[in-house]
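Written below as structure tokens is the structure these notes are about.
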Amino acid sequence: AVISYDYDTDPEKREQTPDFYGYVPSNPRQRSLVFVTMVFFGAGILMIRCLTIVMLGMIGMSWALAYIGLDLGLYLALKMLRGDFWYWVPLGGNTEVLSSIITRV
């Protein structure tokens, strides 16, 4: 929430691309309301994910581990598709792959 808020309220970014930035209003009260809403929305999503893991764990530990594995697998696949997977340290070979996985997870 904080990164999106900071990017959207940056005057330079609003001037460069006004079609994309500008969902946070300029009025201080409305701006605070948007920020608080974004924080609660993020906390709610995290709460839902945690409760999902707990409920799947109550059904069976294999279900919870499968959910976590699928979630991490989709995250890493998305990172690879976007070209944002490799860690910046040029270690080479398998060490580079391992360091990228450890850093991303």
Side-chain angles (χ1 to χ4, degrees):
V2 175
I3 294 172
S4 297
Y5 181 84
D6 287 344
Y7 270 74
D8 193 75
T9 56
D10 184 20
E12 292 176 13
K13 292 195 184 304
R14 283 187 171 200
E15 187 176 318
Q16 290 173 354
T17 51
D19 292 338
F20 185 76
Y21 296 107
Y23 66 88
V24 177
S26 297
N27 182 335
R29 282 184 189 224
Q30 292 175 344
R31 184 175 280 205
S32 298
L33 179 64
V34 168
F35 181 74
V36 169
T37 303
M38 290 171 66
V39 169
F40 279 125
F41 187 71
I45 289 174
L46 183 60
M47 180 78 71
I48 289 170
R49 290 180 71 189
C50 291
L51 288 174
T52 301
I53 293 170
V54 168
M55 290 173 65
L56 287 173
M58 291 172 64
I59 294 172
M61 188 57 70
S62 60
W63 286 97
L65 293 176
Y67 175 79
I68 293 169
L70 182 65
D71 188 41
L72 285 175
L74 288 172
Y75 168 73
L76 292 174
L78 184 65
K79 283 287 192 186
M80 286 181 208
L81 287 173
R82 293 180 64 190
D84 189 31
F85 176 72
W86 297 111
Y87 190 56
W88 64 272
V89 178
L91 300 172
N94 292 334
T95 309
E96 191 170 311
V97 174
L98 184 63
S99 69
S100 295
I101 290 173
I102 290 171
T103 304
R104 298 296 175 208
V105 173

**Asked** ring pair (Phe, Tyr, Trp, His ring centres under 6.0 Å): which pairs involve residues 9-31, sequence neighbours left out?
**Response**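 For residues 9-31: none.
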
In this structure, would [X] and [Y] fall into the same cluster of hydrophobic residues linked by side-chain contacts under 4.5 Å?
X	Y	value
Tyr5	Val39	yes
Ile68	Ile101	yes
Met80	Leu72	yes

**Message:** Taking side-chain hydrogen bond (donor to acceptor under 3.5 Å, both in side chains) as the definition, give me every residue that meets it alongside Arg14, ordered by chain and number, with sequence neighbours left out.
**Reply:**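 Testing Arg14 for side-chain hydrogen bond (donor to acceptor under 3.5 Å, both in side chains), a comparison that skips the adjacent residues, returns Asp8.
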
**Message:** Applying side-chain hydrogen bond (donor to acceptor under 3.5 Å, both in side chains), can you list everything that pairs with Lys79, at least two apart in sequence or on another chain?
**Reply:**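 By the side-chain hydrogen bond (donor to acceptor under 3.5 Å, both in side chains) rule, Lys79 matches Asp84.
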
Tabulate below the donor-acceptor pairs under 3.5 Å that side-chain atoms of residues 45-55 make, not counting sequence neighbours, or state none.
unit_1: Arg49; atom_1: NH2; unit_2: Asp71; atom_2: OD1; d: 3.3
unit_1: Arg49; atom_1: NH2; unit_2: Asp71; atom_2: OD2; d: 2.1
unit_1: Thr52; atom_1: OG1; unit_2: Ile48; atom_2: O; d: 2.7

**Prompt:** Hey, is the main chain of Glu96 close enough, under 3.5 Å, to the side chain of Ser99 for a donor-acceptor pair?
**Reply:**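 Yes; at least one donor-acceptor contact below 3.5 Å.
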
**Asked** How far does CG of Asp10 sit from CD of Gln16, to the nearest 0.5 angstrom?
**Response**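 Rounded to the nearest 0.5 Å, the CG-CD separation comes to 8.0 Å.
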
**Prompt:** What distance separates Tyr67 OH from Ile59 CD1, expressed to the nearest 0.5 Å?
**Reply:**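 So the OH of Tyr67 and the CD1 of Ile59 are separated by 13.0 Å.
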
**Message:** Listing request: all side-chain hydrogen bond (donor to acceptor under 3.5 Å, both in side chains) pairs with a residue in residues 34-45, at least two apart in sequence or in separate chains.
**Reply:**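 Those involving residues 34-45 do not exist here.
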
**Prompt:** What is the minimum heavy-atom distance between Ser26 and Arg31, and which atoms define it?
**Reply:**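 Scanning both residues, the minimum pair turns out to be CA-NH2, 3.9 Å.
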
**Prompt:** Heavy atoms, side chains only, cut-off 4.5 Å: are Val105 and Leu76 in contact?
**Reply:**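 In contact.
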
**Prompt:** For Phe40, what residues pass the ring pair (Phe, Tyr, Trp, His ring centres under 6.0 Å) criterion, not counting sequence neighbours?
**Reply:**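 So Phe40 forms no ring pair (Phe, Tyr, Trp, His ring centres under 6.0 Å) with any residue.
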
